[in-house]
Amino acid sequence: KKKVEQTEPPTIGLSKLFPDGKYPEGETQEYKDDNAFRTTSEEKRYDEQMAMEDPEVTYNHIRRAAEVHRQVRQYARKFIKPGMRMIDIANGIEDGVRALVEEDGLDSGVGFPTGLSLNHCAAHYTPNPGDTSVLGEKDVLKVDIGVHVKGRICDSAFTLTFDPTYEKLLEAVKAATDTGVREAGIDVRLGELAGYIQETMESYEVEVNGKVLPVKPIDNLSGHSINLYQIHGGKSVLLVKNDDQTKMEEGEYFAIETFGSTGRGKVIEQGEVSHYARRVDAPHVPLRLTSAKSLLQSINKNFGTLPWCRRYLERAGESRYLLALNHLVSQGIVQDYPPLCDVRGSMTAQFEHTILLRPTRKEIVSRGDDY
Ligand SMILES: O=S(=O)(c1cccs1)N(Cc1ccc(F)cc1)Cc1ncn[nH]1
Ligand SMILES: [Mn+2]
Ligand SMILES: [Mn+2]
Ligand SMILES: [Mn+2]
């Protein structure tokens with residue numbers, strides 16, 4: 001039987017490329033020092049086998065999401081060019097994710113809004129309907145793509161530039177994320193891990209127009225644990241040393257993401273909100289506003305607790321939703337995530353991987369030959 005090849009732009013669902021339903025394991029790393037016994041321990045291997053009674057279970061879902069992520073981002077790195085409208089970049093990526101993951105209601109699809117934050121903005125910008133802004137050739141673009149399969153979210157991001165000025169900034173952040181990935185492990189304290197990330201980030205500087213600028217970790221952004229259908233699992237991995245004694249635990253999924261900046265190294269909420277998510281612990285308040293009641297029903301049906309954006313509401317058939325949406329936010333039912341920006345004129349970069357803390361080894365499930 002002839003091998004099925006992915007098209008460009010990507011349109012072929014992965015079940016056609018992986019007919020046996022088994023998706024490739026990501027890069028694996030052995031645990032360090034006191035956890036080294038795990039690699040060979042019979043008991044830990046038994047735990048792992050139990051979690052994998054058949055390939056379709058557990059790790060295979062996140063591996064399918066990660067393979068979609070790799071194939072879509074490979075296309076994105078080629079097709080994204082200065083002069084393109086941001087909204088066309090977002091649609092191109094999301095069309096690819098939906099086709100390859102074979103979107104199916106809440107069972108599989110886009111994991112969260114495609115982040116396309118520019119320059120001094122580090123996270124949580126995606127174009128809203130009507131946004132006509134265009135990518136510039138001096139822009140520093142953070143591409144943050146989410147894919148989920150059965151609620152297992154692959155959260156991975158990279159930074160794109162089109163001129164060499166900020167190469168050292170990108171190198172610093174890629175190295176800091178790789179440090180975070182390498183030092184992560186079962187029983188590792190979150191505060192300690194943050195210190196290793198900070199050390200790598202701060203060992204870099206970037207020369208811009210003859211001025212040497214230190215690369216600063218953004219001290220109020222962080223990586224995070226990931227739960228089923230829940231992008232933020234409750235644990236945060238900061239980017240500067242702190243005394244959080246909380247440990248990483250066996251079986252947890254983490255997004256290891258680091259952000260570097262040539263500005264203050266601190267972000268504030270700035271600009272129009274595009275990202276939202278129904279809170280997992282949303283209060284059951286009686287909704288007076290009928291439009292808010294029906295919007296909440298549409299949100300529950302289409303997204304559950306997965307993050308979404310205004311473009312996805314319109315795609316789901318909602319219109320004239322803004323009053324109802326703001327009401328749901330004010331009632332604490334929906335959480336808004338405004339764009340997070342450092343000072344104007346500064347530049348920020350991001351690299352992010354999703355890792356699994358398996359009983360016997362660490363799996364960097366979103367690793368590719370690109371980053
Ligand atoms: O900044 S976060 O809110 C956070 C970090 C630590 C604890 S919660 N955030 C979670 C998130 C929020 C909304 C989304 F639409 C998608 C993700 C991290 C992140 N943003 C993009 N990729 N990863
Ligand atoms: Mn974020
Ligand atoms: Mn992300
Ligand atoms: Mn993340």
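One-based numbering, in listed order, for ligands and for the atoms of each. These figures come from a predicted structure and were not determined experimentally.
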J.: Check ligand 1 against Ser236 and write out every atom of the ligand that is under 4.0 Å from a heavy-atom position of the residue.
T.: 6 (C), 7 (C)
J.: Treating Tyr276 as the side-chain partner and Leu325 as the backbone partner, does any N or O pair qualify as donor plus acceptor under 3.5 Å?
T.: no
J.: If you look at every heavy atom in Arg358 and Ile186, which pair is closest and at what distance?
T.: O-CD1, 3.7 Å
J.: Do any N/O/S atoms of Asp144 come under 2.8 Å of the Mn ion (ligand 3)?
T.: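 For Asp144, the answer is yes, given that an N, O or S atom comes within less than 2.8 Å of the Mn ion (ligand 3).
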J.: For Gly146 and ligand 1, answer yes if some heavy atom of the residue is under 4.0 Å from a ligand atom, otherwise no.
T.: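 Judged by the 4.0 Å heavy-atom criterion, Gly146 does not count as contacting ligand 1.
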J.: Taking all heavy atoms of Glu252 and all of Lys247, pick out the closest pair and write down the distance.
T.: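 What the structure gives for the nearest pair is OE1-O, 4.3 Å.
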J.: Checking Arg361 against Tyr59: charged group under 6.0 Å from the ring centre and within 45 degrees of the axis?
T.: no
J.: Just heavy atoms, cut-off under 4.0 Å: does Pro307 contact ligand 1 by side chain, backbone, both, or neither?
T.: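 Only the side chain of Pro307 comes within reach of ligand 1.
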J.: Closest N/O/S atom of Glu257 to the Mn ion (ligand 4), by atom name?
T.: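 Closest to the Mn ion (ligand 4) among those atoms: OE2.
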J.: For residues Gly368 and Arg73, report the shortest heavy-atom separation together with the two atoms involved.
T.: N-NH2, 3.2 Å
J.: For ligand 1, note which part of Asp155 has a heavy atom under 4.0 Å away: side chain, backbone, both or neither.
T.: side chain
J.: Kindly report the OD2-the Mn ion (ligand 4)-OE2 angle for Asp155 and Glu352 respectively, rounded to 10°.
T.: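 Reported to 10°, the angle equals 90°.
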J.: Testing Glu43, Glu42, Glu48 one by one against Arg45 for a salt bridge (Lys or Arg N to Asp or Glu O under 4.0 Å), which residue passes?
T.: Glu42
J.: Ligand 1 and Glu257, any nitrogen or oxygen pair closer than 3.5 angstrom?
T.: yes
J.: Any chance you could measure Tyr23, atom OH, to Arg70, atom CZ, to the nearest 0.5 Å?
T.: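 The distance works out to 12.0 Å.
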J.: Is the ring centre of Phe112 less than 6.0 Å from the ring centre of His148?
T.: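 Judged by ring-centre distance (under 6.0 Å), Phe112 and His148 do not meet the cut-off.
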J.: With heavy-atom distances below 4.0 Å as the criterion, list the atoms of ligand 1 near Gly223.
T.: 6 (C)
J.: Can a donor-acceptor pair be found, under 3.5 Å and without considering hydrogens, that links the side chain of Thr348 to the backbone of Asn119?
T.: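 Yes.
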J.: Just to be sure I'm reading this right: ignoring hydrogens, which of His224, His232, His124 gets closest to atom 2 (S) of ligand 1? Compare them by their nearest heavy atoms.
T.: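 That would be His124.
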J.: Look only at interatomic distance and state if Tyr337 has a nitrogen or oxygen under 3.5 Å from any nitrogen or oxygen of ligand 1.
T.: no
J.: At a 4.0 Å threshold, what atoms of ligand 1 neighbour a non-hydrogen atom of Ser222?
T.: 5 (C), 6 (C)
J.: Pull out every atom of ligand 1 sitting under 4.0 Å from any heavy atom of Pro113, numbered as shown with elements.
T.: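 That gives atoms 15 (F) of ligand 1.
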J.: Hey, looking at atom 10 (C) of ligand 1, which of Ile231, Leu221, Ile153 has the closest heavy atom?
T.: Ile231
